[in-house]
Amino acid sequence: MIALFIAVGGFLGALARFVVSSWMNKKSSTGFPIGTLFINLLGSFLLGWIAGTSTTSNLYFFLGVGFIGSFTTFSTFKLENIQLHEKKKHSISYSYLTYSYIGGILLAFAGMMLGRI
């Protein structure tokens with residue numbers, strides 16, 4: 001049953017990532033990967049919130065492992081940074097790295113604190 005919760009959550013998370021990322025990246029003309037940044041920051045906050053609320057195991061498997069696990073994307077984040085570096089868009093790459101790492105940690109922490117309330 002746990003595998004089913006993870007699979008359904010993963011399916012929905014992957015679809016949500018595709019839709020949100022595609023929509024946001026179409027709106028941006030700067031070359032900054034705003035879609036992936038938004039998804040990863042939102043995912044950090046949501047996973048922190050879920051961890052803070054001490055949800056039941058089935059809900060955690062569905063949302064935390066399945067949905068957020070496939071909604072967020074570390075591999076795309078890394079690939080986009082390599083592509084920015086190859087295109088010599090160093091200022092965008094450094095901003096993207098900074099916002100992603102610092103923002104992700106802060107938002108995960110904020111989510112945990114809100115989840116404990």
Side-chain angles (χ1 to χ4, degrees):
M1 197 62 173
I2 290 171
L4 181 61
F5 284 119
I6 294 170
V8 172
F11 172 76
L12 295 173
L15 287 176
R17 179 180 67 209
F18 174 76
V19 169
V20 171
S21 182
S22 297
W23 179 77
M24 291 190 82
N25 285 335
K26 283 181 189 175
K27 301 286 182 186
S28 175
S29 61
T30 64
F32 190 93
I34 191 70
T36 305
L37 177 66
F38 175 78
I39 284 167
N40 287 339
L41 292 178
L42 178 60
S44 294
F45 175 80
L46 292 174
L47 191 56
W49 179 75
I50 289 168
T53 60
S54 301
T55 61
T56 63
S57 60
N58 287 340
L59 186 58
Y60 178 79
F61 287 123
F62 173 74
L63 289 176
V65 177
F67 185 87
I68 295 172
S70 67
F71 181 67
T72 59
T73 173
F74 196 67
S75 56
T76 301
F77 164 67
K78 292 298 184 185
L79 177 62
E80 288 170 343
N81 270 290
I82 290 167
Q83 290 170 336
L84 289 168
H85 181 74
E86 287 178 343
K87 293 176 184 174
K88 301 201 184 314
K89 295 184 176 187
H90 300 295
S91 63
I92 293 174
S93 177
Y94 297 144
S95 297
Y96 187 31
L97 285 166
T98 302
Y99 295 146
S100 294
Y101 283 114
I102 293 173
I105 291 168
L106 291 174
L107 285 169
F109 180 74
M112 285 183 75
M113 293 299 105
L114 276 173
R116 291 180 181 163
I117 295 176

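Note: the hydrophobic cluster containing Phe71 also contains Phe74 (ILVMFWY, side chain heavy atoms under 4.5 Å, direct or indirect links). Cluster membership for Ile105 and Leu46, using ILVMFWY side-chain heavy atoms within less than 4.5 angstrom, is not shared. Leu59 and Leu12 end up in the same hydrophobic cluster when Ile, Leu, Val, Met, Phe, Trp and Tyr side chains are linked at under 4.5 Å.
Residues that satisfy the side-chain contact (heavy atoms from CB on, under 4.5 Å) test with Leu4, not counting sequence neighbours, are Met1, Val8. Applying the side chain to side chain donor-acceptor pair (under 3.5 Å) test to Ser57 and every residue at least two apart in sequence or in another chain returns nothing. Ser21 is linked by a side chain to side chain donor-acceptor pair (under 3.5 Å) to Asn25, counting only residues two or more places apart in sequence or in another chain. Not counting sequence neighbours, Lys26 has no partner by the side chain to side chain donor-acceptor pair (under 3.5 Å) test. For Tyr101, the side chain to side chain donor-acceptor pair (under 3.5 Å) partners are Lys78, not counting sequence neighbours.
In this structure, OG on Ser93 lies 12.0 Å from NZ on Lys88, to the nearest 0.5 angstrom. With rounding to the nearest 0.5 angstrom, the CG atom of Asn58 is 10.0 Å from the CD1 atom of Ile6. One finds the CG atom of Leu107 at 15.0 Å from the CH2 atom of Trp49 (value rounded to the nearest 0.5 Å).
Note on residues 102-117: no pairs pass side chain to side chain donor-acceptor pair (under 3.5 Å), not counting sequence neighbours. Contacts classified as side chain to side chain donor-acceptor pair (under 3.5 Å) and involving residues 1-20 (residues at least two apart or in different chains) are not found. Note on residues 5-33: pairs passing ring pair (Phe, Tyr, Trp, His ring centres under 6.0 Å), not counting sequence neighbours, are Phe32-Tyr96.
Considering all non-hydrogen atoms of both residues, Ser70 and Ala14 come closest at OG-N, 3.1 Å. Of all heavy-atom pairs between Gly31 and Leu84, the closest is O-CD2, 3.8 Å.
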Before giving the answer on side-chain contact (heavy atoms from CB on, under 4.5 Å), spell out for Thr76 and Leu79 the whole-Å C-alpha distance, their side-chain angles and the decisive distance to 0.1 Å. CA-CA 5 Å; Thr76 301; Leu79 177 62; 5.6 Å; no
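Between Val20 and Met24, some side-chain heavy-atom pair lies under the 4.5 Å cut-off.
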Show me the donor-acceptor pairs within less than 3.5 Å that the side chains of residues 33-45 make with the rest of the protein, sequence neighbours left out.
unit_1 : atom_1 : unit_2 : atom_2 : d
Thr36  : OG1    : Glu80  : OE1    : 3.1
Thr36  : OG1    : Glu80  : OE2    : 2.9
Asn40  : OD1    : Thr73  : N      : 2.8
Asn40  : ND2    : Thr73  : O      : 3.2
Ser44  : OG     : Asn40  : O      : 2.9

Table please: side-chain donor-acceptor pairs of residues 60-67 below 3.5 Å, with sequence neighbours left out.
none

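In this structure, Ile102 belongs to a hydrophobic cluster whose other members, linked by side-chain heavy atoms under 4.5 Å apart, are Leu106. Met113 belongs to a hydrophobic cluster whose other members, connected by ILVMFWY side-chain contacts under 4.5 Å either directly or through intermediates, are Phe109, Met112.
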